[in-house]
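Fair warning: this is a prediction, and the values are worked out from it, not measured in the lab. As a basis for the values below, the full set of heavy atoms in this structure was taken, side chains included, without hydrogen atoms, waters or symmetry mates. In what follows, chains carry the letters A, B, and so on, assigned in the order in which the sequence lines appear, proteins first and then strands, with residues in each chain numbered from 1.
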There are 2 protein chains.
Amino acid sequence: MDVTNIENQRVKVQEKINNIFDDRQGLSGCCPIKDILGRFGDKWSIYTILMLGREEKLRFNELKGLISGISQRMLTVTLRSLEEDGLVTRTVYPEIPPRVEYRLTELGQGLLLQLLQLADWAKLHIQEILDARQRYAQQ
Amino acid sequence: MDVTNIENQRVKVQEKINNIFDDRQGLSGCCPIKDILGRFGDKWSIYTILMLGREEKLRFNELKGLISGISQRMLTVTLRSLEEDGLVTRTVYPEIPPRVEYRLTELGQGLLLQLLQLADWAKLHIQEILDARQRYAQQ
DNA sequence: ATACTAGGTTACTTTTAGTAACTCAAAAGT
DNA sequence: ACTTTTGAGTTACTAAAAGTAACCTAGTAT
């Protein structure tokens, strides 16, 4: 890639960024990235989405078993927030003991694909980041 | 896209997810997505990266002016964490009054590109999400 | 001598994340 | 007849993180 191409790419990036900020008249409105990352960007939401992406449908305690370290409360809170955003559906079967099934919606599956793209980038560069942290820690 | 293609895609997704979990032997290790989103996934980091992506280099108070609502402390904390991860460089010019310039590293620019991809998805689907929240709120 | 500048800290308060123990309703064991 | 188990959660609490307001430094201009 020559100098002109790099410059072209830079201009495209700037346009995109301007677009993001234009859309929310002067920073006080809602920024879609912030809004979305602010919701699913925590570790429990990510693990939950990944697990539901792998297994298609899962019950509450199956999820709890798969996501090691999560407490019942945090799983409830996480699932409710994903449900609220339309990323996950919750189906209750009124039996005793109760049975509840969770699965990703189409929207949730779309988000999963984005997450996996990010994961590819993360895997490629995680070592660079860890190295940077090491250097920073050493003064 | 016919049924076979959908099935193919699903298998690919599952392989990728299995890969992510394999890499960190049994969930206790570090998951690159979690690790990375856990660091830059907050609103101040996102705004900071976007601003530095737009302007190439910025001084502390320029950033403070551009990111409306951020306090000095939160900007310091955010910049330090981005610096620690090798996403941003901090250059001090030992003058009085001091001058400090921040810019994205190559790594930071790479992350910015990923963020912009996510922003594209977010813009396409933010209304669906907002609608879902409305529905959820109404019982 | 006072005020201003850039780029922060320190000490404090509020918000959020997370834990441990409890609930519900029926079924099965002792 | 009472205790335990099961699935899917709540409630009440504590620890940690995010955020605010006031202060600092060192030189320069008024």
Exercise. Taking atom CZ of B:Arg39 and atom OG of B:Ser81, what is their separation to the nearest 0.5 Å?
Worked result: 5.0 Å
Problem set entry | Interatomic distance where CD belongs to B:Glu95 and P belongs to D:dT28 [whole Å] | 12 Å
Problem set entry | Which atom of A:Lys123 lies closest to which atom of B:Pro32, heavy atoms considered | CG-CG, 3.9 Å
For this session: Provide, to the nearest angstrom, the distance between the CG atom belonging to A:Leu75 and the C1' atom belonging to C:dA17.
Result: 15 Å
For this session: Identify whether any heavy atom of B:Arg99 sits under 4.0 Å from a base atom; if not, whether one sits that close to sugar-phosphate; answer base, sugar-phosphate or nothing.
Result: sugar-phosphate
Exercise. Taking the nucleotide of DNA chain C with the closest heavy atom to each, which residue, A:Pro97 or A:Ser71, is nearer the 5' end?
Worked result: A:Ser71
Exercise. Between B:Trp44 and D:dG19, is there a side-chain N or O to OP1/OP2 distance below 4.0 Å?
Worked result: yes
Problem set entry | Distance in angstrom units between B:Met74 CE and C:dT16 P, rounded | 13 Å
Exercise. Is A:Asp35 salt-bridged to B:Lys43, going by a charged N under 4.0 Å from an acidic O?
Worked result: no
Exercise. Is A:Arg99 close enough and on-axis enough to A:Tyr93, meaning under 6.0 Å and within 45°, for cation-pi?
Worked result: yes
Problem set entry | Sugar-phosphate, base or nothing in reach of B:Arg59, heavy atoms under 4.0 Å | sugar-phosphate
For this session: Return no unless some side-chain N or O of B:Arg80 is found under 4.0 Å from OP1 or OP2 of C:dG8.
Result: yes
Exercise. What integer distance in Å separates A:Tyr93:OH from D:dT6:C1'?
Worked result: 19 Å
For this session: Starting from P on D:dG9, measure out to CG on A:Asn61 and report it in whole angstrom.
Result: 9 Å
Exercise. At under 4.0 Å between heavy atoms, what does A:Tyr102 touch on the DNA or RNA strands: base, sugar-phosphate, or nothing?
Worked result: sugar-phosphate
Exercise. A:Arg73 has an atom CZ; how far is it from atom P of D:dG9, in whole Å?
Worked result: 14 Å
Exercise. Which of the following nucleotides, D:dG9, D:dG7, C:dG8, is nearest to the side chain of A:Pro98?
Worked result: D:dG7
Problem set entry | Between D:dA8 (C1') and A:Glu62 (CD): distance, integer Å | 13 Å
Problem set entry | salt_bridge(B:Glu101, B:Arg90) N-O dist < 4.0 Å | no
Seminar exercise, completed: B:Gln72 CD to C:dT5 C1', in whole Å, measures 12 Å
